[in-house]
Undergrad: 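Mind having a look at this structure? Questions to follow.
The figures here come from the full heavy-atom set of this structure, side chains too, leaving out hydrogens, waters and symmetry mates. Everything numeric here is computed off the predicted structure, so don't read it as measured data.
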Amino acid sequence: MTTEIPRVVHVDDAPPNTRRGGDLRAMLTPTLCGATSGFMGLAIVKPGDRIAEHYHPYSEEFVFVVCGDLEVDLDGTPQRLTADQGLMIPVGMRHRFRNVGSTEARLVFHLGPLAPRPELGHVDTEETSQAGPPEPVKATR
């Protein structure tokens, strides 16, 4: 049994990541708090902005909309998400989020289990204005 008090992480403790659109803050991660089974964060998406299409080859993604109006494309099929709604995205399902409302949207996300290495956990399937072409995925074995 551990006697160490878990670390409290504020959203401002997590560096912003805007590479794929939106402002993604990975908050409860192996690096920031010693997580071993997955990680949790907050996506902040301004009106008209989006998080580019991607998938996770090792992880399910659980999302919960705190505020705002989003549309999520799941393997190309759009679905509306609004405040107080949650969604589980299965391993390998392509998805992107778009803010279709007039106010900022905030989305809590949790991915688990962790990929064998961080760079293998996320596969881009489209370009964004912030990013270059999708990075190739390297084999793990």
Side-chain angles (χ1 to χ4, degrees), residues 1-2 4-141:
M1 183 163 127
T2 185
E4 194 172 312
I5 301 295
R7 178 176 176 196
V8 173
V9 178
H10 188 276
V11 69
D12 292 338
D13 295 336
N17 178 345
T18 58
R19 181 176 171 351
R20 294 175 176 97
D23 176 356
L24 305 177
R25 306 285 179 110
M27 294 174 58
L28 301 177
T29 68
T31 303
L32 284 177
C33 73
T36 60
S37 64
F39 68 94
M40 194 265 331
L42 178 70
I44 304 165
V45 187
K46 301 285 186 201
D49 200 2
R50 68 185 170 97
I51 298 169
E53 186 183 81
H54 62 281
Y55 69 92
H56 308 282
Y58 296 94
S59 307
E60 296 174 325
E61 183 170 4
F62 299 85
V63 298
F64 178 79
V65 180
V66 177
C67 62
D69 294 303
L70 294 163
E71 195 163 80
V72 58
D73 294 327
L74 301 169
D75 278 343
T77 302
Q79 182 164 335
R80 189 74 166 215
L81 280 177
T82 60
D84 297 330
Q85 291 185 318
L87 172 69
M88 191 278 289
I89 302 168
V91 171
M93 180 172 276
R94 293 177 297 114
H95 55 284
R96 86 169 54 81
F97 296 93
R98 290 186 307 281
N99 184 334
V100 294
S102 59
T103 61
E104 177 181 276
R106 288 186 172 233
L107 174 76
V108 173
F109 59 89
H110 177 272
L111 282 87
L114 292 170
R117 294 192 319 268
E119 68 272 14
L120 299 176
H122 185 110
V123 178
D124 292 316
T125 54
E126 72 179 354
E127 264 187 60
T128 66
S129 58
Q130 294 88 352
E135 297 172 8
V137 178
K138 297 176 185 156
T140 58
R141 299 188 205 299

Undergrad: Kindly compute the distance separating OG1 (T29) from CG (L111), expressed to the nearest 0.5 Å.
TA: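 T29 OG1 to L111 CG: 12.0 Å, rounded to 0.5 Å.
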Undergrad: Taking all non-hydrogen atoms of both residues, which atom of H122 and which atom of D124 are closest, and how far apart?
TA: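 Between these two residues, the closest heavy atoms are NE2-OD1, 3.1 Å.
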Undergrad: For a 4.5 angstrom cut-off between non-hydrogen side-chain atoms, does R7 reach D13?
TA: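 Yes, side chains in contact.
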Undergrad: Can you tell me if S37 uses its side chain to pair, donor with acceptor, with the backbone of P113 under 3.5 Å?
TA: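 Checking the backbone N and O of P113 against the side chain of S37, no donor-acceptor pair under 3.5 Å is found.
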Undergrad: As an exercise, state the distance from CG of L120 to CG of L114, rounded to the nearest 0.5 Å.
TA: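 These two atoms lie 12.0 Å from each other.
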Undergrad: For the residue pair P47 and N99, what are the closest heavy atoms and their distance?
TA: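 Closest pair (atom of P47, atom of N99, distance): N-ND2, 3.4 Å.
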Undergrad: Where is the tightest heavy-atom contact between C67 and A83, given as atom of each residue plus distance?
TA: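 Of all heavy-atom pairs spanning C67 and A83, the closest is CA-CB, 4.0 Å.
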Undergrad: Side chains of R25 and P16, heavy atoms from C-beta outward: is any pair under 4.5 Å?
TA: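 Yes, their side chains come closer than 4.5 Å.
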Undergrad: With a 4.5 Å cut-off on side-chain heavy atoms, are R80 and V100 touching?
TA: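 Counting from C-beta outward, V100 and R80 do come under 4.5 Å.
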Undergrad: So, do P57 and V123 sit near enough that their side-chain heavy atoms are less than 4.5 Å apart?
TA: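 SC-SC contact between P57 and V123 confirmed.
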Undergrad: Identify which one of L42, V45, I44, I51 satisfies the side chain to side chain contact (heavy atoms under 4.5 Å, CB included) criterion when paired with L24.
TA: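 Going through the options one by one, the only one that passes is I51.
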Undergrad: Let me confirm one number: the NZ-OG1 distance from K46 to T18, rounded to the nearest 0.5 Å.
TA: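 The OG1 atom of T18 is 12.0 Å from NZ of K46, to the nearest 0.5 Å.
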Undergrad: Below 4.5 Å, heavy atoms only, C-beta onward: do L87 and L74 meet side chain to side chain?
TA: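 Sidechains of L74 and L87: in contact.
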Undergrad: Once you round to the nearest 0.5 Å, how far does CZ of R117 lie from OH of Y58?
TA: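 Interatomic distance, R117 CZ to Y58 OH, rounded to 0.5 Å: 8.0 Å.
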Undergrad: Give the intermediate values and the outcome of side-chain contact (heavy atoms from CB on, under 4.5 Å) for residues V108 and H110.
TA: CA-CA 7 Å; V108 173; H110 177 272; over 6 Å; no
Undergrad: Can you measure from CD (Q79) to NE2 (H95) and round to the nearest 0.5 angstrom?
TA: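 Reported to 0.5 Å precision, the distance equals 13.0 Å.
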Undergrad: When you measure from the side chain of R106 to the backbone of V66, do you find a donor-acceptor pair of N or O atoms at a distance under 3.5 Å?
TA: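 Pair absent, no side-chain N/O of R106 close to backbone of V66.
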Undergrad: Do you know which two heavy atoms are closest between A115 and S59, and how far apart they sit?
TA: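 Closest approach of A115 to S59, heavy atoms only: N-OG, 4.3 Å.
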Undergrad: Using every non-hydrogen atom in the two residues, find where A14 and A26 come nearest and quote the distance to one decimal.
TA: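 Heavy atoms only, the tightest pair is CB-O, 3.4 Å.
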Undergrad: Return the CE to CZ distance between M40 and F109, rounded to the nearest 0.5 Å.
TA: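 If I round to the nearest 0.5 Å, the distance is 8.0 Å.
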Undergrad: Among R50, H54, R94, R20, which one satisfies side-chain hydrogen bond (donor to acceptor under 3.5 Å, both in side chains) with E126?
TA: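 The side-chain hydrogen bond (donor to acceptor under 3.5 Å, both in side chains) with E126 is passed solely by R50 among R50, H54, R94, R20.
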